[in-house]
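The structure appears right after this line, and notes come after that.
Numbers restart at 1 for each chain; the letters A, B, ... are given by sequence-line order, proteins then strands. Note that the coordinates shown come from a computational prediction; the quantities given were computed from them, not determined experimentally.
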Amino acid sequence: MKANNETNFFEWVYEIVRQIPEGRVTSYGAIARALGTAGSSRMVGYAMRAAHRANPPIPAHRVVNRIGVLSGKMAFGSPSLMQQLLENEGVEVVDDKVVNFSAVFWDPQEVISL
DNA sequence: ATCGTGACAAGGC
DNA sequence: AGCCTTGCCACGA
């Protein structure tokens, strides 16, 4: 449980990640850009790392880096968990990388107009 | 308040 | 074509 209102930045990141459709993925930079803080792409990843304590849980497995690599798979407790979750949604993952990344890529800008 | 760090991104060598 | 360095912004101690 966190304080009344967590850092807005994290909150917004969680909001966007939660809007990611099933079987789709997005990049940290895209989310950061959608938030208006394109330079804080790292913060997005940082937020993801803290997402495990967010409520409700965040589908962080749908967030990968710009090349479609499951950079934060280790944050899931099991390195293979993230990949399993993605494959379970229909996202092909080979060598910790999303197959056809451009095809499954989802632009957070579509829901940034919340 | 300051220092260090981090699931990234882009440019340079 | 691949590896390395720098930039950015927010959070934790």
Nucleotide N/O of nucleotides 5-12 of chain B paired with protein N/O under 3.5 Å:
from	atom 1	to	atom 2	distance (Å)
B:dA7	OP1	A:R49	NE	3.4
B:dA7	O4'	A:G72	N	3.4
B:dA7	N7	A:R49	N	3.2
B:dA7	N1	A:A60	O	3.1
B:dA7	N3	A:Y28	OH	2.5
B:dA7	N3	A:G72	N	3.4
B:dC8	O2	A:S41	OG	3.2
B:dC8	N3	A:R42	NE	3.3
B:dC8	N4	A:R42	NE	3.3
B:dC8	N4	A:R42	NH2	2.8
B:dA9	OP1	A:G29	N	3.4
B:dA9	OP1	A:R66	N	3.2
B:dA9	OP2	A:R66	N	2.8
B:dA10	OP2	A:R66	NE	3.4

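A:S78 places no side-chain N or O within 3.5 Å of a backbone atom of A:L81 that could act as its donor or acceptor partner.
For residues 64-88 of chain A, the set of pairs meeting the ring-ring contact (aromatic ring centres under 6.0 Å, His included) definition, not counting sequence neighbours, is empty.
A salt bridge is absent between A:R24 and A:E89: the closest approach of a Lys/Arg side-chain nitrogen to an acidic carboxylate oxygen does not fall below 4.0 angstrom.
Side-chain contact between A:D96 and A:Q83 is present, with heavy atoms from C-beta onward closer than 4.5 Å.
Judged as a salt bridge (Lys or Arg N to Asp or Glu O under 4.0 Å), and not counting sequence neighbours, the contacts of A:R18 are A:E15.
Rounded to an integer number of Å, the gap from A:F9 CZ to C:dG12 P is 13 Å.
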